[in-house]
Student: 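The structure under discussion is supplied below as C-alpha cells; questions concerning it will follow.
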There are 2 protein chains.
Amino acid sequence: MSLSRIHNFSISLDGFATGEPQSLEAPFGHAGHRLHDWMFATRFWGAGGSEGLDNAFAERHSHSIGAEIMGANKFGPPGWQDDPDWTGWWGPNPPFHTPTFVLTHRPRSSMEMEGGTTFHFLDATPAEALATAREAAGGQDVRIGGGPTVVRDFLAAGLVDHMHLVQVPILLGRGVRVWDGLDSLEQTYDIESVSSPSGVTHLTFTRKLGS
Amino acid sequence: MSLSRIHNFSISLDGFATGEPQSLEAPFGHAGHRLHDWMFATRFWGAGGSEGLDNAFAERHSHSIGAEIMGANKFGPPGWQDDPDWTGWWGPNPPFHTPTFVLTHRPRSSMEMEGGTTFHFLDATPAEALATAREAAGGQDVRIGGGPTVVRDFLAAGLVDHMHLVQVPILLGRGVRVWDGLDSLEQTYDIESVSSPSGVTHLTFTRKLGS
C-alpha cells in the first residue's frame with residue numbers, strides 16, 4: 001500500500017515552520033537556517049556528517065518515495081509565478097529525484113530537471129493531488145513536502161499516514177505555525193518523542209490502525 | 001542567591017497550558033486532566049507512583065522553595081473574587097507549604113491555611129511581587145507557579161532564572177498559549193530537552209551566565 005509521509009519537517013518550540021518575511025534572499029524569513037542546522041550536520045546532508053539519531057531519521061526522507069507534493073510557497077519566493085524562468089530554489093539537479101507536484105492556482109508547463117526530478121504544477125485539492133501523485137509514484141509512497149500550510153491542509157483532510165517533525169529549541173515568535181486548527185491529532189496518531197544529543201526532539205506521528 | 005523557578009509547568013504540543021473555558025468544574029477547560037496525567041503517575045504525587053525520570057523532575061517542585069507567586073486564574077475559577085469564602089482549589093491543606101502570593105487587582109486579607117501555606121493577595125507588577133516574595137522566602141528560592149499568563153509576564157520581564165516545562169503529546173487547539181510574544185528565549189537560556197518513556201518531553205531553561 002502506498003503511504004503519504006512527511007519527513008524532516010522542522011519547527012520551533014513555539015510551532016513555527018518558517019519565519020517571516022519570506023523572500024528570495026531569506027526563504028525562511030528571520031528563522032534563517034536555524035530550523036535546519038540539525039540536518040546540515042548529518043551524513044544525510046553531506047560527507048563527514050553525523051551518523052547518529054538525527055541522521056537515522058533524516059535518511060528516511062527518500063526511502064521508498066516515488067513522488068512529492070509541495071506547496072507554492074516551498075517552490076519559490078512570493079511572486080515566482082510571475083517569473084517564467086523560475087525553476088525552484090535547488091538549481092539544475094533538485095534533491096527530489098521523482099515526479100514532484102507543486103500546488104498552485106496558476107499552473108504552468110511541466111519542467112524536467114536533472115537527476116530524475118520533474119516538476120508538475122497542479123491546481124487541485126489535497127485529495128486530488130494525492131491521487132495524482134500516487135499514480136505517478138508507481139506503487140511507492142508519496143512525500144508531503146510542506147510548507148506548513150500544505151502540511152496543515154493534508155492533516156486536516158486526513159491524508160497523512162506518517163509524519164516526522166523535528167522540534168528545534170528556538171523561539172521564533174512569528175511566521176507560519178503548523179499547529180493552527182489541528183486539535184486532537186493524538187486521537188488519530190500514535191505519537192512518539194525522542195530527544196537527540198544535538199538538542200532537537202524528533203516527533204513521529206503514526207496513524208492508528210482503523211483511523 | 002535566591003532564584004526564581006518554574007516547575008512542572010505542562011503544555012500541549014501546540015503550546016497551550018490550559019484549555020477553555022475554565023470553570024469551577026473544569027479548571028483546565030477541555031484539557032481536563034490530560035496535561036497532568038504524567039505527574040499523577042509519579043511518586044511525587046502519591047505512594048506507589050513511578051520513581052524514574054518524570055518523578056525526578058517533579059520532585060524538584062518543592063526543593064529549596066520559600067515562597068510561591070501565582071496568578072489570579074490559578075487561585076480560582078473566573079469570578080472567585082466575588083466569593084468571600086473562596087480559599088483556593090486545594091482544601092484546608094494546600095500543597096504549597098510556604099507563603100503564597102496571589103496576583104489580583106482585587107486584593108483581600110491574607111488567609112492562613114494548614115500545613116504552612118498562607119495566601120497573600122497582591123496588586124503588583126511582576127518585579128514588585130518577586131521582591132515581596134523573596135523577602136518572605138527567607139533566603140530560599142521563589143517558585144513562579146503559573147498560570148500561563150503569569151509565566152509569560154515573568155519571562156518577558158526577565159524575572160525567571162530556571163524554567164521546567166513538560167510537553168505532553170496532545171493537541172489542544174485552543175486555550176491559553178504560553179509562548180505568545182516570547183521570541184528568542186534561546187538567546188537568554190540554555191535549553192535542554194529529554195524525552196521520557198512515559199511519552200512526555202521535559203524542557204529545561206537555565207539562564208545563561210551574564211544574561
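In what follows, chains carry the letters A, B, and so on, assigned in the order in which the sequence lines appear, proteins first and then strands, with residues in each chain numbered from 1.
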Student: If you count heavy-atom pairs within less than 4.5 Å of chain B, which of A:Gly199, A:Pro169, A:Gly15 leads?
Tutor: A:Pro169
Student: Under 4.5 Å, counting heavy-atom pairs only, tell me which of A:Ile191, A:Ile11, A:Leu171 racks up the most with chain B.
Tutor: A:Leu171
Student: Can you tell which of B:Leu172, B:Leu165, B:Val178, B:Leu203 has the highest number of heavy-atom pairs within less than 4.5 Å of chain A?
Tutor: B:Leu172
Student: Please check if atom CH2 in B:Trp45 has more than 12 non-hydrogen atoms from other residues, nucleotides or ligands closer than 6.0 Å.
Tutor: no
Student: What distance separates A:Arg34 CZ from B:Glu186 CD, expressed to the nearest 0.5 Å?
Tutor: 5.5 Å
Student: With a 4.5 Å cut-off on heavy-atom pairs, point out which of A:Asp180, A:Leu185, A:Ile170 contacts chain B the most.
Tutor: A:Ile170
Student: Taking everything shown except A:Arg43 itself, do over 12 heavy atoms lie less than 6.0 Å from its CZ?
Tutor: no
Student: What residue, out of A:Gly181, A:Gly173, A:Ser193, A:Ser195, has the most heavy-atom pairs lying under 4.5 Å from chain B?
Tutor: A:Ser195
Student: Under a 4.5 Å cutoff for heavy-atom pairs, which residue among B:Arg174, B:Arg177, B:Gln187 has the most contacts with chain A?
Tutor: B:Arg177
Student: Does the side chain of A:Leu13 reach to within under 4.5 Å of the side chain of B:Phe205, using non-hydrogen atoms?
Tutor: yes
Student: Pick one of side chain, backbone, both or neither for A:Thr201, based on which atoms fall under 4.5 Å of a heavy atom in chain B.
Tutor: side chain
